[in-house]
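What follows is one structure encoded as structure tokens, with my remarks underneath.
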Amino acid sequence: MPSARIVIDRDFTIGPVPRRLFGSFVEHMGRCVYTGIYEPGHPEADERGFRQDVLKLVKELGPTVVRYPGGNFVSGYNWEDGVGPVEERPRRLDGAWHTVETNAFGLHEFVEWSKDADVEVMEAINLGTRGVDAAREIVEYANHPGGTALSDRRIANGAKAPFDIKLWCLGNELDGPWQIGHKTAEEYGRLAQEAGKAMRFVDPSIELVAVGSSNSGMPTFGSWEHTVLSHAYDEVDYMSMHAYYQEHDGDASSFLASAVDMDYFIESVVATCDAVRAKRKAKKYINLSFDEWNVWYQTGLETDDQPGAVSQSWREHPRLIEDTYNVTDAVVVGTLLNSLLRHGDRVSIANQAQLVNVIAPIRSEENGPAWKQTIFWPFARMAALARGEILRTATTSDKVSSKQFGDADQVDVSATFDEQNGRVALFLANRGLDGAADVTVALNGFVGGRVLRAELLEIPSGGTRLTANTLESQDALGLVPLDGVVVDGSTATLRLPALSWAVVEIEVSKG
């Protein structure tokens, strides 16, 4: 039987768990906003149009920060269109997703929703069709207390207190030819530098995210980051990263090894940022904002919700990339979360894209119900239980081979230590398609006590690795107890079924 030995040590930590690592993303795309988080007239909507059934699931999911309003959408968006009396807001054509934007939901509505959801706002600005002036003006509108034209306009629009938004994205995917306002690295680097400088003149307390490569396969990957930071290093705090993964042609083994590529991507961007730091003899480090990541089936599907089909007509909030996630997808998401957590010393922010309906952990129907997708569970449990310090993990495991990413550990793991509450949390995935794996965990420096939690996501009885939660069967798959976890002194043992994800929380004391 395949096996894995995992060693953690109380004295070997990576750093504190960055709470912004458990972020999400709301874009004006498809049905993420309209009929997602916002649907006036829905039986579960409040007087502001916020769907309370969706909001309840968002709170259970537990995101800490939400990026808004895009995404590709933001590169052609005028933020002013989404403020002021709703009946006076203009209807616009959104070229990014070929839809009609009503602007019924905008900055004020999102800030109000974020308060209800208890999430931090991460605001993206348009550096595709706009520039320095619009960048500094939205900061003044949002964050200045009052007494100026823009801050007084916010007050007149119903928000006396400043929004006090700290996190700002300096555009989106401007390295991509598909992006409205696509730029070279030189063009973008200078624009980001000047926009960031002007924004900080208005509010010196803000944090800025520079656009990085849209994925590690971009022809300019590496050189893009280096050139952008050669201009904007002093002005920015984070470099962004985006990555999406899917199963191609039934190659499940490569898909399950996707986190190997995420590890490579993160470590490569860290190296590039630090190379610029060394060249500039700078003191500060640039950290990473992995502000778009998920499983996304971009190829191999011929459905009505694909961008090519949607672009045949101009419609308001059509269905767009509403992927249905299965067991295999959930295990992959669990390993991607592990990769992010293991790099939490440099990946300070991460946003799973997106929150509702559009490649999302939560689905909803217009005038209908809302429910959890399979990928909901790894995110929710890690967001809730990954507290305190990230523990280094030394793993000796049987391997699974993949055509695309080479060998990967069959058992993938990340771990945290919550010293305040005396708890170690283990987040584990078995990438093996056929067999269970016996796992031994050496708890060096700890004395293990009770098993506080042991939960499992696996192929349900009578199901397959493609089993999913759908409108017709909303609870086909969820977490079940993981039986047989044994803690004996400084050793824990357990068995992971084939193709599964698990969380184990153990009460510990100092060894």
Side-chain angles (χ1 to χ4, degrees), residues 23-40 42 45 48-51 54-55 58 63 65-84 86 88-114 117 119 121-130 134 138 141-142 163 165 167-169 171-174 176 178-181 242 291-292 294 296 305-307 310-311 313-322 351-360 362-364 366:
S24 192
F25 179 31
V26 167
E27 181 172 1
H28 282 250
M29 175 184 179
R31 299 191 312 115
C32 187
V33 173
Y34 303 108
T35 73
I37 65 173
Y38 175 77
E39 187 181 342
H42 188 279
R48 298 163 297 176
F50 300 164
R51 282 188 59 161
V54 172
L55 186 61
V58 170
V65 57
V66 177
R67 182 170 175 247
Y68 173 85
N72 293 356
F73 172 81
V74 80
S75 293
Y77 178 57
N78 299 328
W79 67 268
E80 302 93 334
D81 290 348
V83 303
V86 172
E88 297 177 11
R89 297 180 190 176
R91 291 167 61 86
R92 302 282 192 192
L93 296 181
D94 166 34
W97 301 114
H98 206 84
T99 56
V100 175
E101 173 57 50
T102 68
N103 285 305
F105 188 98
L107 180 59
H108 285 252
E109 288 80 12
F110 183 72
V111 169
E112 283 299 307
W113 180 89
S114 71
V119 299
V121 174
M122 183 179 189
E123 184 75 9
I125 66 167
N126 176 0
L127 287 185
T129 61
R130 306 189 77 181
I138 186 174
Y141 181 92
F163 295 149
I165 299 170
L167 275 177
W168 296 82
C169 299
N172 177 78
E173 291 187 356
L174 288 157
W178 59 84
Q179 198 73 196
I180 297 173
H242 294 175
D291 45 45
E292 286 188 34
N294 206 351
W296 173 7
D305 69 345
Q306 293 302 298
V310 171
S311 67
S313 63
W314 291 99
R315 291 177 285 161
E316 296 178 18
H317 55 268
R319 293 180 185 272
L320 191 59
I321 59 171
E322 297 191 4
N351 306 81
Q352 187 184 45
Q354 294 183 16
L355 183 59
V356 186
N357 288 328
V358 179
I359 50 172
I362 298 170
R363 287 286 300 274
S364 68
E366 187 172 2

For a 4.5 angstrom cut-off between non-hydrogen side-chain atoms, does [X] reach [Y]?
{"X": "Ile125", "Y": "Trp79", "value": "no"}
{"X": "Val358", "Y": "Cys32", "value": "yes"}
{"X": "Phe110", "Y": "Val121", "value": "yes"}
{"X": "Val100", "Y": "Asp94", "value": "no"}
{"X": "Gln306", "Y": "Ile321", "value": "yes"}
{"X": "Glu173", "Y": "Trp178", "value": "yes"}
{"X": "His317", "Y": "Thr35", "value": "yes"}
{"X": "Thr99", "Y": "Val310", "value": "yes"}

Please check this pair: side chain of [X] against backbone of [Y], looking for a donor-acceptor N/O pair closer than 3.5 Å.
{"X": "Asn294", "Y": "Ala353", "answer": "yes"}
{"X": "Ser313", "Y": "Arg315", "answer": "no"}
{"X": "Trp168", "Y": "Ile165", "answer": "yes"}
{"X": "Asn103", "Y": "Pro90", "answer": "yes"}
{"X": "Asn78", "Y": "Asp81", "answer": "no"}

* To do: Evaluate the side-chain contact (heavy atoms from CB on, under 4.5 Å) criterion for residues Leu320 and Met29: first the C-alpha distance (whole Å), next the side-chain angles of each, then the deciding distance (0.1 Å), finally the verdict.
  => CA-CA 7 Å; Leu320 191 59; Met29 175 184 179; 3.6 Å; yes
Are [X] and [Y] ion-paired here, with the side-chain N under 4.0 Å from a carboxylate O?
{"X": "Arg89", "Y": "Glu109", "result": "yes"}
{"X": "Glu322", "Y": "Arg31", "result": "yes"}
{"X": "Arg67", "Y": "Glu123", "result": "no"}
{"X": "Glu39", "Y": "Arg51", "result": "yes"}

How far does [atom1] of [X] sit from [atom2] of [Y], to the nearest 0.5 angstrom?
{"X": "Glu112", "Y": "Phe50", "atom1": "CD", "atom2": "CZ", "result": "6.5 Å"}
{"X": "Ile138", "Y": "Glu80", "atom1": "CD1", "atom2": "CD", "result": "7.5 Å"}
{"X": "Glu27", "Y": "Ile359", "atom1": "CD", "atom2": "CD1", "result": "9.0 Å"}
{"X": "His28", "Y": "Phe73", "atom1": "NE2", "atom2": "CZ", "result": "5.0 Å"}
{"X": "Gln354", "Y": "Ile37", "atom1": "CD", "atom2": "CD1", "result": "10.5 Å"}
{"X": "Asn126", "Y": "Cys169", "atom1": "CG", "atom2": "SG", "result": "13.0 Å"}

* Anything under 30° is parallel, anything over 60° is perpendicular, the rest tilted; go ahead and classify Tyr34 against Phe105. =>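 Plane angle over 60°, so perpendicular.
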* Asked: Checking side-chain hydrogen bond (donor to acceptor under 3.5 Å, both in side chains) for the pair His242/Asp291: CA distance, chi angles, key distance, verdict?
  -> CA-CA 6 Å; His242 294 175; Asp291 45 45; 2.6 Å; yes
* Apply ring-ring contact (aromatic ring centres under 6.0 Å, His included) to His108 and Tyr141, showing your working. => CA-CA 11 Å; His108 285 252; Tyr141 181 92; 5.7 Å; yes
Which pair of non-hydrogen atoms, one from [X] and one from [Y], has the smallest distance, and what is that distance?
{"X": "Pro69", "Y": "Ala124", "answer": "CD-O, 3.6 Å"}
{"X": "Leu174", "Y": "Gly128", "answer": "CD2-CA, 3.9 Å"}
{"X": "Val356", "Y": "Gly36", "answer": "CG1-CA, 3.8 Å"}

* For Asn351 and Ser24, what are the C-alpha separation, side-chain angles and deciding distance, and is it a side-chain contact (heavy atoms from CB on, under 4.5 Å)? -> CA-CA 4 Å; Asn351 306 81; Ser24 192; 5.8 Å; no
* Trace of the side-chain hydrogen bond (donor to acceptor under 3.5 Å, both in side chains) decision for Asn172 with Gln179 -> CA-CA 8 Å; Asn172 177 78; Gln179 198 73 196; 3.1 Å; yes
* To do: Output, in order, the C-alpha distance, side-chain angles, deciding distance and verdict of side-chain contact (heavy atoms from CB on, under 4.5 Å) for Arg48 and Tyr38.
  => CA-CA 8 Å; Arg48 298 163 297 176; Tyr38 175 77; over 6 Å; no
* List the steps, then state whether side-chain hydrogen bond (donor to acceptor under 3.5 Å, both in side chains) holds for Ser75 with Asn72. => CA-CA 6 Å; Ser75 293; Asn72 293 356; over 6 Å; no
* Please assess His98 against Trp314 for the test side-chain contact (heavy atoms from CB on, under 4.5 Å), listing each intermediate value before the final yes or no. => CA-CA 6 Å; His98 206 84; Trp314 291 99; 3.0 Å; yes
